[in-house]
Protein chains: 2
Amino acid sequence: MTVVKSRREQYSEATRAALVEAATARFATAGYAATGLEDVAGDIRATRGAVYHHFSSKKALFEAVLDELEVQATERITAAYRGAPDPWSGAVAALEAFLDQCCDPVYSRVVWREGPIAMGWGGWHTTEQKYAHGTIEAILRDLQAKGLLAPLPLATLTEVTFCAIGAAGHGLAEADLADRPGLRAEYSAVLGRMIGGLRPD
Amino acid sequence: MTVVKSRREQYSEATRAALVEAATARFATAGYAATGLEDVAGDIRATRGAVYHHFSSKKALFEAVLDELEVQATERITAAYRGAPDPWSGAVAALEAFLDQCCDPVYSRVVWREGPIAMGWGGWHTTEQKYAHGTIEAILRDLQAKGLLAPLPLATLTEVTFCAIGAAGHGLAEADLADRPGLRAEYSAVLGRMIGGLRPD
DNA sequence: CTACTGACATACGCGGTGTATGTGACCGAC
DNA sequence: GTCGGTCACATACACCGCGTATGTCAGTAG
């Protein structure tokens, strides 16, 4: 199925990938606002022209970065969920996988800190529906269908859960690397208890 | 204690207040990024010079707007808490007061949507420590001291609760005005249940 | 070999922030 | 009351970063 690519296409793809990689690093360290496209292009010894050839805008470049990170993260988290014997322990496993993911400074910073700033809260939230938000909804729907969760409105339930879990994302994004393991355990305890409150009576 | 103000001081104060008011309206409708200082100044038939005389930067103007909104909101919410007979019903009352507050389109939009965008998540969060975040922490500390709350680490507990409650702020900020009462009830149910999960065993 | 397409580089316009400087109204001292 | 100083704003300008229009050259198809 893999189509043979011409040399030009290979070069082009490599350039695009390099831009995404460089942008990821910049956004994760300096942040979205403080990163100029000139910086990103300079990192791979190209110019802003190259950026605008591959991406329609600075925001589009950010979206590419975010997508890349979220696809990988979502894949891991859903794998954790599916690998568990029953839905409840699956939900716990997914939560743990998410918290692990948030200990990655690049993921936590780009997705949870810079995301809403770069794309606006609405745009970011829309994108998240495909990833974290969507994953949570699927899990909660599953639990509810099996009667393991109180019959609360799914959309609102998802929203609150998403933001509560996001607290961990933000919190771990801000913390020093050395403090993260300890913090992670705390978030796990608090979130576990809160989500436990959602079991049917 | 009220010092007599000279006419100039009165004028100046009125101008400043008018700027904050105009900025509040603009930020609440067009958003932070799409609002130019020229627009704000124009609304009160002044120029950007007036803005920069009273505020050191656009961000500083936003902070003034946010402070104004948060001071009023916090006052109402803490009043609701103190007016209740016992800490648990106080916490519930505070939550309800907060949800009411979030149904105000200006509050929800400026504080919860534009805040992190305008000031960066870190700066916004720092400011919030004085208001919503701080209020939550005080309430939780109170509950914990009285043994009404599981002995989880306070800072993390506050952080997660803050973000979970913030979900309502965001959700209501995005929703159509007509849908807000219904949504408000849903958030109340979900949050009530989650926070209920925090009671000691 | 030629004509064309696609991947970039270069150059420019434009909107918006922040800053430096100007101006006129008010205020206190004599 | 007038005069020097100060304060509240207006005006003008510099700068920075995004986006866009245009140019250039290597690679590719026929």
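Chain A is the first sequence line, chain B the second, and so forth, proteins listed ahead of strands; every chain is numbered from 1.
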Quiz item: Is the Lys NZ or Arg CZ of Lys58(B) less than 6.0 Å from the centre of Tyr32(B)'s six-membered ring, within 45° of the axis?
Solution: yes

Quiz item: With a 4.5 Å heavy-atom cut-off, do Glu137(B) and Gln129(B) have their side chains touching?
Solution: no

Quiz item: Considering only side-chain heavy atoms of Thr47(A), which listed nucleotide, dA7(C), dC9(D), dT10(C), is closest?
Solution: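 For the Thr47(A) side chain, the nearest candidate turns out to be dT10(C).
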
Quiz item: How does each nucleotide of nucleotides 15-30 of chain D score, in 5' to 3' order, for protein heavy atoms under 4.0 Å: base (B), sugar-phosphate only (S), or none (-)?
Solution: ---BBB-----BSS--

Quiz item: If you fit an axis to the five pairs at each end of the helix from dC1(C)-dG30(D) to dC26(C)-dG5(D), how big is the angle between those two axes, to 10 degrees?
Solution: 10°

Polar side-chain atom of [X] near backbone of [Y] as donor-acceptor pair, under 3.5 Å:
X: Arg184(B); Y: Leu99(B); answer: no
X: Asp104(B); Y: Gln101(B); answer: no
X: Asp86(B); Y: Ser89(B); answer: yes

Just how far, in rounded Å, is [atom2] of [N] from [atom1] of [X]?
X: Arg45(A); N: dT10(C); atom1: CZ; atom2: P; result: 15 Å
X: His54(B); N: dG18(C); atom1: NE2; atom2: P; result: 17 Å
X: Phe62(B); N: dT17(C); atom1: CZ; atom2: C1'; result: 17 Å
X: Glu13(A); N: dC8(C); atom1: CD; atom2: P; result: 11 Å

Exercise. Check whether more than 12 heavy atoms from other residues, nucleotides or ligands sit under 6.0 Å from atom CD of Gln144(B), and answer yes or no.
Key: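 Result for CD/Gln144(B): enclosed.
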
Quiz prompt | Short side-chain N/O contact to dC8(C) OP1/OP2 from His53(A), under 4.0 Å | solution = no

Quiz item: Pairs in or reaching into residues 150-165 of chain A: which pass side-chain hydrogen bond (donor to acceptor under 3.5 Å, both in side chains), with residues at least two apart or in two chains?
Solution: His125(A)-Glu159(A), His133(A)-Glu159(A), Thr156(A)-Glu186(B)

Exercise. Only counting residues at least two apart or in another chain, list the ones meeting side chain to side chain contact (heavy atoms under 4.5 Å, CB included) with Ala22(A).
Key: Val40(A), Asp43(A), Ile44(A)

Practice problem: Examine Tyr131(B) together with Trp124(B) and report whether their ring centres are nearer than 6.0 Å. | Solution: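 That pair fails the under 6.0 Å test.
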
Self-check item: Contact list for DNA chain C against residues 14-31 of chain B - heavy-atom distance below 4.0 Å
Solution: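 Within residues 14-31 of chain B, no residue comes under 4.0 Å of DNA chain C.
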
Quiz item: Does any pair with a residue in residues 67-101 of chain A pass ring-ring contact (aromatic ring centres under 6.0 Å, His included), and if so which ones, sequence neighbours excluded?
Solution: Phe98(A)-Trp112(A)

Quiz item: Any salt bridge between Glu114(A) and Arg109(A), counting N to O under 4.0 Å?
Solution: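 Answer for the salt bridge query: yes.
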
